[in-house]
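Computed over heavy atoms, backbone and side chain alike; hydrogens, waters and symmetry mates excluded. Predicted model, so just to flag it, every value in this text is computed and none were measured.
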Amino acid sequence: MSFRAASHLATRRAAFSAFPSLPARTQPLSPLRQFHTTLPNMVVHNIETKAAFDEAVKKYPIVLVDAFATWCGPCKAIAPVLLKLSDSDKFKDTVYFVKIDVDHLPDLSQELGITAMPTFIAFKDGEPAGKVTGAKPQEVENLIAAQL
């Protein structure tokens, strides 16, 4: 251990010893993250493989695909809007909402013709039915409504 690390550790021990009245931790900390990037009971499903994508498009009559990237600012900005749309009474029982990370599924992204993020593609009965490129909430909602 370096001198700097040892000094930091000693400082932290001294700081915490000043609070003897704090209760001892009864359960160990979990090595897993204690937060989620989306709600645990979310209605927008993350697609991890091409096979899962193919299955979703075949299984559900109407599917809205959100092609995003984790580094994309507009993708982050429209994510809550998409979550709200997926939970709305108008769409939650009729449209299956999915997200694909274009960096994790480059072959699928190329097959779908994704050239910019975010891109929203509506599938109806297994076939592409419409596309919106960019974070345009009203156009995305119109795209979904046109499939009903």
Side-chain angles (χ1 to χ4, degrees), residues 1-13 15-16 22 25-148:
M1 180 181 313
S2 71
F3 174 76
R4 185 174 178 182
S7 173
H8 176 72
L9 185 59
T11 303
R12 288 186 50 88
R13 283 186 185 147
F16 283 107
L22 291 177
R25 185 176 300 279
T26 57
Q27 295 179 354
L29 286 175
S30 170
L32 302 175
R33 290 183 171 182
Q34 299 298 314
F35 63 92
H36 300 278
T37 56
T38 53
L39 297 174
N41 57 350
M42 62 187 230
V43 288
V44 178
H45 307 276
N46 287 317
I47 298 292
E48 301 291 331
T49 64
K50 169 110 169 63
F53 171 79
D54 292 338
E55 180 182 336
V57 169
K58 287 178 188 173
K59 184 176 180 181
Y60 298 97
I62 302 172
V63 178
L64 181 75
V65 178
D66 172 12
F68 77 101
T70 55
W71 48 263
C72 168
C75 299
K76 292 175 186 177
I78 200 164
V81 174
L82 187 66
L83 188 60
K84 189 182 292 185
L85 285 173
S86 69
D87 197 32
S88 72
D89 292 333
K90 188 175 177 182
F91 303 126
K92 74 177 175 182
D93 295 328
T94 54
V95 180
Y96 190 72
F97 290 81
V98 300
K99 293 177 78 105
I100 62 165
D101 187 340
V102 297
D103 293 330
H104 288 250
L105 296 170
D107 294 339
L108 178 58
S109 302
Q110 186 175 9
E111 181 181 317
L112 294 175
I114 307 299
T115 57
M117 279 75 66
T119 296
F120 300 91
I121 304 173
F123 285 83
K124 188 167 186 174
D125 299 322
E127 296 296 321
K131 187 178 197 177
V132 172
T133 302
K136 303 169 188 167
Q138 190 58 51
E139 287 186 35
V140 172
E141 186 172 355
N142 294 343
L143 173 68
I144 300 167
Q147 309 315 311
L148 299 179

* Asked: A69 and M117: which non-hydrogen atoms are nearest, and at how many Å?
  -> N-CG, 4.0 Å
* Shortest non-hydrogen contact from V43 to D87? -> CG2-N, 3.9 Å
* Asked: Closest approach of E139 and V132, non-hydrogen atoms and distance?
  -> O-CG2, 3.8 Å
* Asked: With under 30° as parallel and over 60° as perpendicular, where do the rings of H45 and Y96 fit, or are they tilted in between?
  -> parallel
* Taking K99 for its side chain and A79 for its backbone only, find out whether a donor-acceptor pair lies under 3.5 Å. => no
* Structure fact -> Checking L85, V63, L64 against V95 for side-chain contact (heavy atoms from CB on, under 4.5 Å), the one that qualifies is L64
* Are the side chain of K50 and the backbone of L108 linked by a donor-acceptor contact shorter than 3.5 Å? -> no
* Structure fact -> dist Q138:CD -> E141:CD (nearest 0.5 Å) comes out at 5.0 Å
* Asked: Going from CG on D107 to CG on L112, what distance comes out if it is rounded to the nearest 0.5 angstrom?
  -> 11.0 Å
* For residues I121 and I114, report the shortest heavy-atom separation together with the two atoms involved. => CD1-CD1, 3.7 Å
* Please name the pair of heavy atoms, one in P74 and one in P118, separated by the smallest distance, quoted to 0.1 Å. => CB-CD, 3.9 Å
* T94 and I62: which non-hydrogen atoms are nearest, and at how many Å? -> O-CB, 3.8 Å
